[in-house]
Asks: 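What follows is a structure written as structure tokens; I'll ask about it next.
Below, chain A is the first sequence line, B the second, and so on; all start at residue 1.
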Protein chains: 2
Amino acid sequence: MATISDVAARAGVSTATVSRALNGKSTVAPELVARVAAAAKALGYQPHGPARNLRRQETAVLALIISDVENPFFTALARGVEDVAHADGYSVVLCNSDEDAEKERRYLAVALQERVAGVIISPSGGTTGIDVLAGHGIPVVAVDRPLPAGTGDAVLVDSVLVDSRKAAFSATEHMMKEGYERIACISGPTGVRTADDRVIGYQDAVHRGLELVRRTEYRAGGAHAATIELFAQPGRPDAVLVANSAMAIGVLDALRELGLRPGRDVGVVAFDDAAWAGLVDPPLSVVAQPASEMGQAAARLLLARIADPHRPPTCTTLAAHLIPRASSTR
Amino acid sequence: MATISDVAARAGVSTATVSRALNGKSTVAPELVARVAAAAKALGYQPHGPARNLRRQETAVLALIISDVENPFFTALARGVEDVAHADGYSVVLCNSDEDAEKERRYLAVALQERVAGVIISPSGGTTGIDVLAGHGIPVVAVDRPLPAGTGDAVLVDSVLVDSRKAAFSATEHMMKEGYERIACISGPTGVRTADDRVIGYQDAVHRGLELVRRTEYRAGGAHAATIELFAQPGRPDAVLVANSAMAIGVLDALRELGLRPGRDVGVVAFDDAAWAGLVDPPLSVVAQPASEMGQAAARLLLARIADPHRPPTCTTLAAHLIPRASSTR
DNA sequence: TTGTAGGCGTTATCAC
DNA sequence: GTGATAACGCCTACAA
């Protein structure tokens, strides 16, 4: 693998000149830059990133740690991050923490050790390890979920969130207006802020205890089981608010097994406007979140903080909006 | 940011000893390793990855370059790669080329410059840049799609593919047995091997020209337009083979707009067993691909080649299987 | 304008 | 068993 001195030797100049020529720095005689370029090409020279980063003490790569690559919400968010980052010359590496605190810690450690320029993360719970990052001067932006309380207190962390509570409230209220009276709520794990907020928003609307609330992992399987269980009990629900699209699949599956038709027999509204939501029968009412915009906003905040580490931290809260379809209309 | 010499100073030993102690190398007096550990902890010492990689000339990170993060097939594949890589102590960074040759080149360049240990890629077309990688001794595994002809000829590249042609043949034959007679095919871009193969397999079965074949990008929008166009012409199809799940959404949408019911009015089989496929009305027949297994196989091949760069290249071809549901049953 | 030389943080090779 | 010391490949004062 050719190094800068190989290039220098072949071009008959010093390594300093090669470096300057290749980086378009200061003034190098046009003839020399041509010679250098030719030599570099001939040798298939590729600058050694680690060496360069070691010397410059900086990298042009951002880490994006998301809690579930298989969730379309997060992949849409990732696209938003990439678009903004690429426009500014940064590359984005995607890390999948899989809602697993251990994997999250691991990726955080990698990000720190590789000295990435910054990190965007959707924290998967009672995370630690973020303080370490920020403590070492690596900027962090929290997206979709805030950092756990007590984390990042002393450091400057921006966040980009959705008003989940309000969105859950609107969705629940919508179902009440449609005449549903016993509305259930199937949400994600306790301790995950979006999941907690969706329950709180739901409660704001129904003024009821937790007897119709079920918490499970953010996946189809758990939601399926929760649905079966909810509808097996006496005083079964007549509607359900579902906290994300993976769970919606489990719920719809379960309802079909139970012979219950959404819209007619039971109202259903789910978070996230999945591509297939309009295709099921009847079409699924959803709370659409601006995933891509969230990613863009997070990336912009991160880049801004990289440029100016001392700017005051901000918290951007975006709104979600209800798209009523037949599954919640009698 | 504490360095190894800070730790050495605090522990009252040399940097060499710190390095050895922290890496569990050779023989260091138990007392010293304790002192070093304490000092490192007190200082919040984190090894500097680039420096270490520079010195060691190796990294424990793999790059996975996929053509579409928003496609569930690729995210499932990514999970497979991660599982195997993590078990072996490697981290995986995910790069989204977005079916864009330019972005692909860019990520390839990043992978090369950062000197990752290896690359798994689903090539997005007439890619160049892979030779460069392999030429520099970085192992490459092609997944889902083979490298373009003429690429990587001289170098050792493993690949993990699906027998798309056979799968398309089976799916088409299945529809013929169900009595459909004018079967159309909506596939991805020309030059993308999976898309080409699905058309060929289809033709193997129908023994017909290309008048009912449409090629478009691998997304819902293009498939939607193609469907509308196909069904507007005289001698409209009575069935359609769709090349992936994003396209299936476009097709199903279009059919609904046209007032055509899958299964009864028009047979539909799509590639990829998306989570929602069983939920639509009627349930969608699919060709299920072993995405996660493909990722696992690719990762294993890559790790094997990293361990032994001279092993002969292999090509693993996995089978897909048809899951007939109501959309292709009269 | 160009070259020389030092150092970024580690690890590996030698002495001791 | 431990400590100097020399690289790894690059960039950038500083000197010429």
Side-chain angles (χ1 to χ4, degrees), chain A residues 1-37 39-40 43-61 109-117 136-138, chain B residues 1-37 39-40 43-61 109-117 136-138:
Chain A
M1 193 102 88
T3 75
I4 199 171
S5 25
D6 298 328
V7 178
R10 187 177 234 268
V13 297
S14 73
T15 60
T17 302
V18 174
S19 175
R20 284 190 282 250
L22 258 26
N23 292 303
K25 283 283 177 110
S26 69
T27 43
V28 180
E31 186 209 328
L32 285 195
V33 16
R35 284 228 305 272
V36 168
L43 263 34
Y45 170 71
Q46 288 287 358
H48 190 287
R52 163 178 284 171
N53 300 336
L54 173 59
R55 174 63 228 232
R56 292 202 201 170
Q57 303 283 47
E58 67 177 33
T59 338
V61 5
V110 172
L112 175 53
Q113 297 196 354
E114 294 303 322
R115 304 296 199 268
V116 298
H136 283 73
I138 297 184
Chain B
M1 195 103 88
T3 75
I4 200 172
S5 25
D6 297 329
V7 178
R10 188 177 232 269
V13 297
S14 74
T15 59
T17 301
V18 175
S19 175
R20 285 190 282 250
L22 259 26
N23 292 303
K25 283 285 179 104
S26 70
T27 43
V28 181
E31 186 209 327
L32 285 195
V33 17
R35 284 228 306 272
V36 168
L43 263 35
Y45 170 72
Q46 289 287 356
H48 191 287
R52 163 178 286 172
N53 300 337
L54 173 59
R55 177 63 231 226
R56 292 222 261 231
Q57 304 281 49
E58 67 178 32
T59 338
V61 5
V110 172
L112 175 52
Q113 298 196 352
E114 295 303 322
R115 304 295 199 267
V116 298
H136 282 74
I138 297 185

Asks: Can you tell me how far P of C:dA12 sits from CZ of B:Arg56, to the nearest Å?
Replies: 6 Å

Asks: Can you tell which of D:dT2, D:dG9, C:dG9 lies closest to the side chain of B:Ala29?
Replies: D:dT2

Asks: Provide, to the nearest angstrom, the distance between the CD atom belonging to B:Glu58 and the P atom belonging to C:dT10.
Replies: 16 Å

Asks: Take the protein atom CG of A:Asp6 and the nucleotide atom P of D:dG9, then report the distance between them rounded to whole Å.
Replies: 9 Å

Asks: Rounded to the nearest angstrom, tell me the gap between atom CG in B:Asn23 and atom P in C:dG9.
Replies: 17 Å

Asks: Classify A:Thr3 by what it touches in the nucleic acid, base, sugar-phosphate, or nothing, heavy-atom distance under 4.0 Å.
Replies: sugar-phosphate

Asks: Tell me the interatomic distance from A:Met1, atom CE, to D:dC10, atom C1', rounded to whole angstroms.
Replies: 14 Å

Asks: Considering only D:dC11, C:dT2, D:dA4, which nucleotide approaches the side chain of A:Arg52 most closely?
Replies: D:dC11

Asks: Quick one: is B:Asn53 getting a side-chain N or O under 4.0 Å of the D:dC8 phosphate, OP1 or OP2?
Replies: no

Asks: State, to 0.1 Å, how close A:Ile138 and A:Arg115 come at their nearest heavy-atom pair, and which atoms those are.
Replies: CD1-CA, 4.3 Å

Asks: If you only use heavy atoms from C-beta on, which nucleotide in D:dG9, D:dG3, C:dG9 is closest to the side chain of B:Val13?
Replies: D:dG3

Asks: Is any side-chain nitrogen or oxygen of A:Ser14 closer than 4.0 Å to OP1 or OP2 of C:dT4?
Replies: no

Asks: For the residue pair A:Gln113 and B:Pro47, what are the closest heavy atoms and their distance?
Replies: NE2-CG, 3.6 Å

Asks: Of the candidate nucleotides D:dC11, C:dC8, D:dC10, which contains the atom at the shortest distance from the side chain of A:Gln57?
Replies: C:dC8

Asks: Would you indicate which nucleotide in C:dT2, C:dC8, D:dG9 comes nearest to any side-chain atom of A:Thr17?
Replies: C:dT2

Asks: A:Gln113 CD to C:dG9 P: how many Å, rounded?
Replies: 15 Å

Asks: For B:Glu31, which contact category applies under a 4.0 Å heavy-atom criterion: base, sugar-phosphate, or nothing?
Replies: nothing

Asks: Which part of the nucleic acid does A:Pro50 contact within heavy-atom distance under 4.0 Å: base, sugar-phosphate only, or nothing?
Replies: nothing

Asks: Looking at C:dC8, does its base get a donor-acceptor pair with the side chain of A:Arg55 below 3.5 Å?
Replies: no

Asks: Which atom pair, heavy atoms only, marks the closest approach of A:Gly44 to B:His136?
Replies: O-NE2, 2.9 Å

Asks: What's the closest nucleotide to the side chain of B:Ile4 if the choices are D:dC10, D:dG9, C:dT10?
Replies: C:dT10

Asks: Please name the pair of heavy atoms, one in A:Tyr45 and one in A:Ile4, separated by the smallest distance, quoted to 0.1 Å.
Replies: CE1-N, 3.6 Å

Asks: Counting only side-chain heavy atoms from C-beta out, which of D:dT12, C:dT2, C:dA12 sits nearest to B:Lys25?
Replies: C:dA12

Asks: For the pair made of CG in A:Leu54 and C1' in C:dC8, what is the distance, rounded to whole Å?
Replies: 4 Å

Asks: For DNA chain D, whose closest nucleotide is more 5', that of A:Ser5 or that of B:Leu32?
Replies: B:Leu32

Asks: With rounding to the nearest 0.5 Å, note down the distance linking OG1 in A:Thr59 to CG in A:Asn53.
Replies: 4.5 Å

Asks: Got A:His48 and B:Leu54 here, is their nearest side-chain heavy-atom distance under 4.5 Å?
Replies: yes

Asks: Of all the choices, C:dT11, D:dT2, D:dG3, which nucleotide is nearest to the side chain of B:Ala16 once you look at every atom?
Replies: D:dG3

Asks: Rounded to the Å, how far apart are A:His48 NE2 and D:dA7 P?
Replies: 17 Å

Asks: Check if the side chain of A:Arg20 and the base of C:dG3 share a donor-acceptor pair of N or O atoms closer than 3.5 Å.
Replies: yes

Asks: Counting only side-chain heavy atoms from C-beta out, which of D:dG1, D:dC11, D:dC8 sits nearest to A:Thr15?
Replies: D:dC11

